[in-house]
Number of protein chains: 2
Amino acid sequence: MSEEMQWPTRAAKAAAKRAAREAAREAARALREEVRRAVPEPPWWSAPRRGGRQAPLTRDAIVDAAVRLLDRGEGLDSLSMRRLGEELGTGPGSLYWHVRNKEELLDLVFDRLIGEQLPLPAPKPARWQQQVKDIARRALDVLFERPYIAEISIGRFPVGPNALEWTEGVLAILRAGGVPDREAAWGVHLLTTYFTAFAFETQTGLKTPEGEARPEEILERIHAHFHALPRERFPNIADLADELTRGDMDERFEFGLDAILAGLAAAASAARAPRKRPRRG
Amino acid sequence: MSEEMQWPTRAAKAAAKRAAREAAREAARALREEVRRAVPEPPWWSAPRRGGRQAPLTRDAIVDAAVRLLDRGEGLDSLSMRRLGEELGTGPGSLYWHVRNKEELLDLVFDRLIGEQLPLPAPKPARWQQQVKDIARRALDVLFERPYIAEISIGRFPVGPNALEWTEGVLAILRAGGVPDREAAWGVHLLTTYFTAFAFETQTGLKTPEGEARPEEILERIHAHFHALPRERFPNIADLADELTRGDMDERFEFGLDAILAGLAAAASAARAPRKRPRRG
DNA sequence: ACTGTGCTAGAACACCGTTCGAGTTCTGAA
DNA sequence: TTCAGAACTCGAACGGTGTTCTAGCACAGT
């Protein structure tokens, strides 16, 4: 019970301790280095064990390397513990001292990227809807830029410190705009689900049985398939083949975003003027 | 170019051919069986090669077994080519004659389940909104019953025959209700994305670093974590901890569903009475 | 009776996440 | 300064994954 509640403070304390320790170690290493330069070792002595690695293994360094790996490669599959170990000049097993799991590593990567990429404006009640839209658009930009984030995010309740800060900020904006509590809470979830799923479905994860292909190619193929469908059986799909597979992503995104915001705004105004059950009128 | 456009007809032809072939083989087998029963073989002869398997390996039989496996186990991980082979009394390699890929297998499973589980009503223009809601609720029911479907569906453009029929039906309902073309096309996508992502996020895929856990447990833990947060830094999350983690799923689902439908309805009425640019007024 | 096609079995390949034990290095107290 | 214990690294190994390949069997058509 108290175990899992401790982890942020535990992590903070551990981080402080680790930082101090590392500074001391760095000083010691500098001294040793100097000595070694002054008095050469016999050449048959083995080279220092950690030949290739510059930075020592740290939680942060591991997350750094993971992000580097993901940015370089394509898709979440680019990140494996083995490759990550290689990137850091060590084996996969060594990582498990600093990170419980691959799952936990992904948690950390996710939170790191939220913190770096998703700053939040202070709530300005008058234009809260515009603010929310801006936030969602910004999020979608990030998700299109780094599609793997959608893959990490999609089944993950955001509980890291940066994610919490972000959630807190969005909640503040919604409530400042007059959205009642329940709807504000649901709204945050709805928004994040929306832009994550949107990015995932249109960009990240378009699976197809025939190997690698860019999303546009897949959609183009589907478009051709829709066009070739027998019109008497699939009149609507045939008619709307273009709209189904080709529509401008920004417009499409905006369509759903508007709907969500309209829903939130309706809840806000219903709360402001609660006359006679506005529902099921 | 013509390669990939052929696949539906190719599949259809292949299916017909295979069916005919199989019928013939079945007849032959029956005859052989009869002969064998009449004239007993010497007991030292080896048993027929395919000892354990009753049904011959077929695309359909494979999909059957895959669904069986997924229903029995929990999560998409329950389905591996090895286990599937075992279920069918053979090795994993044999499956690849009938199925190009695991990806393709999942395509087939997905489409099979759509066909079985998602019948569609004929469009009744007067109550199109109600119809759409019913469809979405039905879909969510199915997704909650078989959570792995969400996992399969989430990055997959539905192009199988049953999926097409479903899409066609929903499009028909929307257009019959007066929703203009673009919005109808986007609406189908929006709806499927919504209920799939909703099911996935609340039921299927809640990942957590600490091993297996039911969704409710995870949410309960998060709830405790939110309650323990410093109130001066996270006032909104602390206030809304309940709403963020505990809300009744049906109500929550309805909230987003209403928003989507309101958006579609707005598009429909705007198209019906197109006075003076209803947007950005 | 023979040949070629359809299909299967099973080993093998190259990965994957994770665990474990032995070994090293470092820290802090005696 | 010494020394026990903690912190950390390393490498091999385990049991799993999707997929490919080759040899071979069973059967249909000639």
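We use all heavy atoms of the structure for the numbers below, so side chains are in, but hydrogens, waters and symmetry mates are not. Below, read A as the first sequence line, B as the second, and so on, with proteins coming before strands; counting in each chain starts at 1.
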(request) Could you state the atom-to-atom distance from CG of A:Leu105 to P of C:dT18 in whole Å? (result) 10 Å
(request) Check whether any side-chain heavy atom of B:Asn162 sits under 4.5 Å from a side-chain heavy atom of B:Arg112, and report yes or no. (result) no
Could I get a table of every N or O pair under 3.5 Å where one atom is in the protein and the other is in nucleotides 15-19 of chain D?
residue, atom, partner, partner atom, Å
D:dT17, OP1, B:Ser80, OG, 3.0
D:dT17, O4, B:Arg82, NH2, 3.4
D:dG18, OP1, B:Lys102, NZ, 2.7
D:dG18, OP2, B:Met81, N, 2.9
D:dG18, N7, B:Arg82, NH1, 2.8
D:dG18, O6, B:Arg82, NH2, 3.0
D:dT19, OP1, B:Asn101, OD1, 2.8
D:dT19, OP2, B:Tyr96, OH, 2.7
D:dT19, OP2, B:Lys102, N, 2.9
D:dT19, O5', B:Tyr96, OH, 3.3

(message) Please report the interatomic distance CD(B:Glu165) to CG(B:Leu118), rounded to the nearest 0.5 Å.
(response) 12.0 Å
(request) Using only side-chain N and O atoms of A:His98, determine if any of them is under 4.0 Å from OP1 or OP2 of D:dA7. (result) no
(request) Rounded to the nearest angstrom, tell me the gap between atom CG in A:Leu95 and atom C1' in D:dA12. (result) 16 Å
(request) Would you indicate, yes or no, if D:dT9 has its OP1 or OP2 atom less than 4.0 angstrom from a side-chain nitrogen or oxygen of A:Trp97? (result) no
(request) State, without any angle test, whether B:Tyr148 and B:Asp77 hold a side-chain donor-acceptor pair at a distance under 3.5 Å. (result) no
(request) Considering just the side-chain nitrogens and oxygens of A:Ser94, establish if one lies under 4.0 Å of OP1 or OP2 belonging to D:dC10. (result) yes
(message) Quick check: do A:Tyr194 and B:Leu190 have side-chain heavy atoms less than 4.5 Å from each other?
(response) yes
(request) Give a yes or no on whether the backbone of B:Thr193 and the side-chain of B:Thr196 come within a donor-acceptor separation of less than 3.5 Å. (result) no
(message) Using a 3.5 Å distance criterion without hydrogens, assess whether the side chain of A:Arg138 forms a donor-acceptor pair with backbone atoms of A:Gln117.
(response) yes
